Amino acid sequence: MTETGIHQITIPTPYAVGDVHVYIVKDELITLVDAGVHTKEAWEAFCEGLKEINLQPKDIDQIVLTHHHPDHIGLVGRLDHVDRVYGHELVNLWLTRDQDFMNQYLTFFNNLYDQWGVPEEFQDIEKALKYTLKLSTPSELTHILHEGDKIPGFGDFVTLETPGHAESHLSFYNPNSQVFLAGDFLLKHISSNPLLEPPVNQGEVRPKPLIRYRESMQKVLDYNFSEILPGHGEVFSGHQPLIIDRLAKQEKRANKVFEFIRQKPATPFEICQFLFPKHYKHQFGLTMSETVGQLDYLEDVGKIKEVIDSGQSRYVANHPISNGV
Ligand SMILES: [Zn+2]
């Protein structure tokens, strides 16, 4: 149990990030925050964790989800007696496996990867999507959450929209105890990756995850959090220095990308290879998301621009090195 009476249950995942935490908040209702990943090992660890606090799966009254990733929504469908499932509306696309959205997801990545100069060998987005779906269970939200919403039976927790790591990301803040249920928005040991996602409707501009993530971090800078309960890693406090440090490191990385582009215009794939020479092959999705995040940021601050020629995208510095600026 954490200092403020919230129970943490740790569940294994097949992902590189390792274990994921879910939380049990006992108030008028018993609320499960996040639902692990859908594997046999995860279900067993979850049931074992509940047993240690004298609960069984059937005792859970409601589920609150921080975001749509499979290590956070995996077991919702196994708790099918629960008739209150809360989350961001985008989570529902993944819980219901909305077919139009899944098709749109594949088209979006296939088109972008072509445009960004990604070789065919890295373009197996369909396989990645199948694996993602295998690690969760079909289900449905019963309630959609927005900024400021409170949830009956869930103490004084208030919903905060914190997009970036996922466009669907919500965090929950209790202004009395100052506890912050952070999902993957703030982790102590690693900075969470702002991940590329398609727009909800085909043809719309895609979300810019790193820019959204920076805004979310700046949004919570002035909050006081007594205890931050994350989706991965240890419970912590002191988020202000952590956020300031993360923002500074990101700007430093962006600068490295800018210097590279100043030498020569480059495709997003070339920039990804430059930034992550050791990791881009086996962590392609993550490293590509991170790269494009930096490009979005540099474009947003007016340092670079995207030039698309014959369907191929290249990023160009607004002040090339030859200008001596
Ligand atoms: Zn996670």
Side-chain angles (χ1 to χ4, degrees), residues 2 6-25 31-39 41-43 45-46 49 63-79 85-88 90-95 105 128-129 131-137 139 141 145 159-172 180-197 207 209-210 212-213 216-217 220 228-236 239 242-243 246 279 282-290 293:
T2 70
I6 294 173
H7 300 275
Q8 183 188 66
I9 299 175
T10 302
I11 295 176
T13 81
Y15 289 112
V17 72
D19 294 345
V20 66
H21 305 307
V22 303
Y23 294 91
I24 297 284
V25 179
T31 304
L32 171 69
V33 179
D34 280 349
V37 69
H38 174 48
T39 63
E41 296 74 26
W43 176 253
F46 176 58
I63 302 173
V64 174
L65 299 168
T66 61
H67 62 296
H68 72 268
H69 294 161
D71 51 334
H72 298 258
I73 65 166
L75 296 171
V76 177
R78 284 206 68 165
L79 299 163
V85 185
Y86 292 84
H88 189 283
L90 295 179
V91 172
N92 214 32
L93 297 172
W94 290 94
L95 284 178
Y105 183 92
L129 179 62
Y131 186 59
T132 296
L133 294 178
K134 188 174 156 229
L135 292 175
S136 66
T137 43
S139 183
L141 288 184
L145 292 173
T159 306
L160 284 189
E161 291 176 353
T162 48
H165 173 62
E167 195 54 20
S168 63
H169 203 293
L170 302 174
S171 305
F172 302 93
F180 188 59
L181 285 157
D184 286 357
F185 167 45
L186 293 177
L187 306 176
K188 188 180 180 189
H189 62 306
I190 41 168
S191 72
S192 38
N193 306 85
L195 294 176
L196 270 172
E197 291 176 27
L210 181 62
R212 302 279 272 164
Y213 189 50
S216 293
M217 284 198 283
V220 300
I228 298 171
L229 308 181
H232 306 274
E234 63 183 281
V235 172
F236 64 105
H239 67 293
L242 186 104
I243 286 178
R246 297 251 159 100
H279 298 293
H282 57 273
Q283 293 213 303
F284 184 69
L286 284 181
T287 53
M288 199 67 201
S289 276
E290 176 66 28

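Remember, it's a predicted structure, so these values are computed and weren't measured experimentally. Both counts, for ligands and for their atoms, begin at 1 and track the order of listing.
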Next item on the list: Show your working on side chain to side chain donor-acceptor pair (under 3.5 Å) between His69 and Asp184 and close with a plain yes or no.
Entry: CA-CA 10 Å; His69 294 161; Asp184 286 357; 4.8 Å; no
Check: How far apart are the closest heavy atoms of His68 and Ser168, and which atoms are they?
Finding: ND1-OG, 2.9 Å
Note to self: If you consider just the N/O/S atoms, which atom of Asp71 is the closest one to the Zn ion (ligand 1)?
What the structure shows: OD2
Next item on the list: Flag His232 as yes if one of its N/O/S atoms falls below 2.8 Å of the Zn ion (ligand 1), otherwise no.
Entry: yes
Next item on the list: Return the name of the atom in Asp184, of element N, O or S, nearest to the Zn ion (ligand 1).
Entry: OD2
Checklist line | Minimum heavy-atom distance Ser289-Pro194, with the two atoms named | finding: CB-O, 3.5 Å
Note to self: So, 2.8 Å as the limit: is an N/O/S atom of His67 located closer than that to the Zn ion (ligand 1)?
What the structure shows: no
Notebook entry, point to check: To the nearest 0.5 Å, what is the distance between NE2 (His165) and CG (Leu195)?
Noted result: 5.5 Å
